[in-house]
Amino acid sequence: MNAPYDGERGKNPPGGPSPEGYSGIDELFSEVPPDQARRRQDASPQPGDAFAHLYRDQDHHPDPQQPPHPRTGPEEPGPRHEDDTFPLLPPIPSAAPEAASGPAEAVEERDLVDEPPEKPTGKPSGGKAAGLLRSSAVMAAGTMVSRLTGFVRSALIVVALGAALLGDTYQIAITLPTMLYILTVGGGLNSVFVPQLVRAMKNDADGGEAYANRLLTLVTVILGGLTVASFLAAPLLVRLMSVDIASNRAANDVAVTFVRFCMPSIFFMGIHVVMGQILNARGRFGAMMWTPVLNNIVIIFTVALFLGVYGAADTSGMQVDTIPPEGVRLLGAGTLLGLVVQALAMIPYLRATGFRIRPRFDWKGQGLGKAMKLAKWTILFVLANQAGVIVVSQLSTAAGETALAEGGHNGTGFIAYSNAQLIWNMPQAIITVSVMAALLPRLSRSAHDGDTGAVRDDISHGLRNSAVAIVPIAFGFLALGVPMCTFIYGSAGTEGARNMGFMLMAFGIGLIPFSIQYVVLRAFYAYEDTRTPFYNTVIVAAVNAAASALCFLLLPARWAVIGMAAAYGLAYIIGVGVAWRRLRAKLDGDLDGAHVVRTYARLAGASLPATLTAGAAAYGIMHALGSGYLGSLTALLGGGVVLAVVFVAAARRMRIAELNAMVGMVRARLGR
């Protein structure tokens with residue numbers, strides 16, 4: 001979901017909302033200093049298209065088999081850049097797709113890029129807007145389906161292995177490959193090589209194909225060696241993640257077997273990401289959002305086979321010393337197969353763009369060195385972040401074992417923490433990450449041109465547009481965390497699921513600073529400044545580790561990991577304060593801060609009564625119907641409706657312009 005841009009006062013897109021749908025915009029602009037308002041207006045397109053600020057300079061459709069060429073479309077108002085051959089930016093995912101002629105599955109790959117320019121009319125084209133909205137819906141649907149199937153996968157794993165020590169061994173096994181991949185290659189790929197790929201497409205005669213093949217070859221070689229080394233070092237890696245598991249012979253044997261099956265996924269994970277970034281740079285965004293669904297389907301099928309043969313953990317009583325070796329191998333092989341299928345599924349998409357995979361070992365003097373130097377700080381950034389993960393892994397497995405041994409409490413260890421965090425992170429992945437994935441190439445160009453006004457405006461829009469959904473959802477986790485988790489994970493045991501719900505509530509509000517920090521750090525990456533995010537993450541990781549250790553030492557074992565979840569948000573509150581000050585200094589003291597803070601404050605003010613009423617409704621329903629499937633589902637639906645209705649009513653009365661614009665646009669489109 002993405003809150004649209006305000007647009008110019010007094011103007012509305014064709015077929016768009018009436019001026020009443022944009023109530024509050026005049027008031028909002030009246031509170032912005034005149035010189036700042038003029039700069040924002042100069043940097044924005046004049047028509048009032050709700051999505052205009054994200055799609056300016058996009059009036060051409062590049063041939064993916066040729067380097068981008070100068071635009072031939074009509075001249076647009078606003079500042080022009082020297083590199084007007086810059087490739088298309090992706091559409092922003094929308095939670096409200098426009099009515100299409102067929103189901104989402106029937107949308108072709110060509111629908112995942114912008115429509116060709118239409119005849120100049122002096123105002124936004126309805127057909128072009130429809131194409132953008134349709135493309136946005138396809139991408140948002142891919143991310144949503146991926147996350148939902150991920151929930152099904154995680155819930156089935158909890159059912160099969162339980163929420164205690166056996167579940168922790170599998171969780172560590174699937175966490176380690178991701179950690180090692182991000183530590184070595186992933187961090188640099190995600191934030192350093194994307195701008196380099198875009199620039200290669202713009203500047204190289206072959207549209208960046210040779211550079212992309214060199215990068216793909218280099219990553220393949222690095223990850224191949226890393227896979228072999230990590231496979232051999234599996235026992236050491238298990239001890240790194242949890243001394244408690246490594247000290248338990250049965251648990252260690254199971255964990256090491258899981259890890260050795262999962263470690264080759266590092267290789268296929270990296271290949272998938274590189275191929276996805278190449279497609280992103282070429283304006284194709286659907287594959288990277290839809291192929292993870294295949295991974296989840298394979299693992300779901302594997303776990304279903306496991307359940308069919310061995311049954312659920314709560315009925316079979318399966319533990320680390322009773323799980324059959326064949327069962328461990330089945331789950332391990334299925335987990336690896338899922339990543340293999342996910343990576344190989346990218347190849348047809350690459351071929352459809354005209355890209356041909358050819359190994360290239362001529363790395364020297366081809367620009368990869370500069371990218372590697374930039375990636376150095378990003379790798380250190382990830383190292384600091386993953387150090388915090390290791391601390392939480394060690395402490396949460398120990399706390400979970402103590403809580404189980406002393407009081408028989410399930411759902412208080414590492415797998416419970418990870419599953420609660422999976423739910424908590426979903427809005428970030430669908431909303432904030434999607435918004436900034438679209439804006440990162442644009443930010444890179446603006447930063448390269450020294451246009452601090454454009455950088456400021458895009459960061460401001462990214463923060464405010466994502467906040468329209470992030471803020472109420474963060475508060476919603478406080479109200480609905482328990483019924484949400486008992487509904488998703490209740491089949492593994494009501495007590496364990498309820499404890500996960502408490503963890504989700506503890507994570508709750510931390511989603512807001514977590515989302516803000518993600519947006520702010522993209523600005524540093526746009527300036528090719530990877531050192532500042534590293535130092536910022538060191539601060540966050542240190543606070544998280546220290547606060548988690550205090551929770552482990554001071555709180556009862558049952559509540560220790562719940563405290564660690566709250567500590568995660570506290571660490572990001574501090575991190576946001578540091579990052580904001582540094583970015584404000586980089587942009588000459590102008591970050592549109594008053595506008596951003598006012599939006600977040602109003603959204604929080606509207607969310608508070610919604611949270612109280614929704615929480616009361618959910619509690620009453622579960623008290624009457626119980627914490628089973630029916631009671632949890634009814635409480636979740638009833639509380640969710642109350643949350644949405646009260647929040648929207650309060651936000652409309654508070655005249656929150658971003659929400660009013662979004663609601664007006666949706667109402668206008670639904671009324672057509």
Side-chain angles (χ1 to χ4, degrees), residues 1-6 17 20-33 36 50 95 424 427-428 431-432 435 459-481 484 504-520 566 569-570 572-577 580 591-619 638-667:
M1 189 188 306
N2 171 61
Y5 173 57
D6 300 335
E20 289 76 15
Y22 288 86
S23 62
I25 294 182
D26 289 337
E27 178 191 20
L28 184 66
F29 272 86
S30 67
E31 297 174 5
V32 178
Q36 184 174 335
W424 175 79
Q428 164 83 359
I431 302 162
T432 312
V435 169
I459 291 295
S460 175
H461 284 300
L463 288 169
R464 291 183 290 110
N465 290 350
S466 59
V468 172
I470 291 293
V471 172
I473 290 174
F475 278 88
F477 285 141
L478 286 176
L480 306 175
M484 192 176 295
L504 181 57
M505 293 174 66
F507 273 117
I509 301 300
L511 182 65
I512 299 173
F514 183 65
S515 175
I516 295 173
Q517 168 118 329
Y518 184 90
V519 175
V520 171
L570 172 65
Y572 275 95
I573 291 174
I574 295 174
V576 164
W580 186 270
L591 259 182
D592 200 17
H595 195 181
V596 171
V597 170
R598 185 165 56 251
T599 298
Y600 276 85
R602 289 177 175 177
L603 289 169
S607 299
L608 188 58
T611 300
L612 295 175
T613 53
Y619 176 81
V641 170
V642 172
L643 181 76
V645 170
V646 176
F647 169 75
V648 171
R652 293 297 296 271
R653 289 185 63 85
M654 296 175 69
R655 301 171 66 91
I656 300 176
E658 288 80 7
L659 180 68
N660 289 341
M662 181 183 68
V663 171
M665 181 195 69
V666 171
R667 288 177 58 187

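The figures here come from the full heavy-atom set of this structure, side chains too, leaving out hydrogens, waters and symmetry mates.
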Q: Using a 4.5 Å cut-off on heavy atoms from C-beta on, say whether the side chain of Val596 contacts that of Ile516.
A: no
Q: Check whether any side-chain heavy atom of Phe647 sits under 4.5 Å from a side-chain heavy atom of Phe475, and report yes or no.
A: no
Q: Once you round to the nearest 0.5 Å, how far does OG1 of Thr611 lie from CG of Leu480?
A: 8.5 Å
Q: Determine whether Tyr572 and Ile512 make a side-chain contact, defined as any pair of heavy atoms from C-beta on separated by less than 4.5 Å.
A: no
Q: Measure the CD-CD distance between Gln428 and Gln517 for me, rounded to the nearest 0.5 Å.
A: 10.5 Å
Q: Would you please test Asp592 and Leu463 for side-chain contact (heavy atoms from CB on, under 4.5 Å) and show each step?
A: CA-CA 11 Å; Asp592 200 17; Leu463 288 169; over 6 Å; no
Q: For Tyr619, look at atom OH and say whether over 12 heavy atoms of other residues, nucleotides or ligands are found less than 6.0 Å away.
A: no
Q: Within the distance-only criterion (no hydrogens, no angle test), does the side chain of Thr613 pair as donor or acceptor with the backbone N or O of Ala610 below 3.5 angstrom?
A: yes
Q: Going by the rule ring-ring contact (aromatic ring centres under 6.0 Å, His included), which residues pair with Tyr518 if we only count those two or more places apart in sequence or in a different chain?
A: none
Q: Report the residue from Leu643, Val648, Val641 that forms a side chain to side chain contact (heavy atoms under 4.5 Å, CB included) with Val645.
A: Val641
Q: To the nearest 0.5 angstrom, please state how far the OG1 atom of Thr432 sits from the CG atom of Asn465.
A: 10.5 Å
Q: Which heavy atom of Ala604 sits nearest to which heavy atom of Val471, and what is that distance?
A: N-CG1, 3.7 Å
Q: Mind checking whether Phe477 and Phe507 have side chains closer than 4.5 Å, heavy atoms only?
A: no
Q: Within the structure provided, determine whether Phe514 and Ile470 are in side-chain contact (heavy-atom separation under 4.5 Å).
A: no
Q: Atom CG in Leu603, atom CG in Leu608: separation rounded to 0.5 Å?
A: 13.0 Å
Q: Would a distance-only check, ignoring hydrogens and angles, find a side-chain to backbone donor-acceptor pair under 3.5 Å from Ser515 to Leu511?
A: no
Q: Would you say that Val520 contacts Val576 through its side chain, given a criterion of any heavy-atom pair below 4.5 Å between the two side chains?
A: no
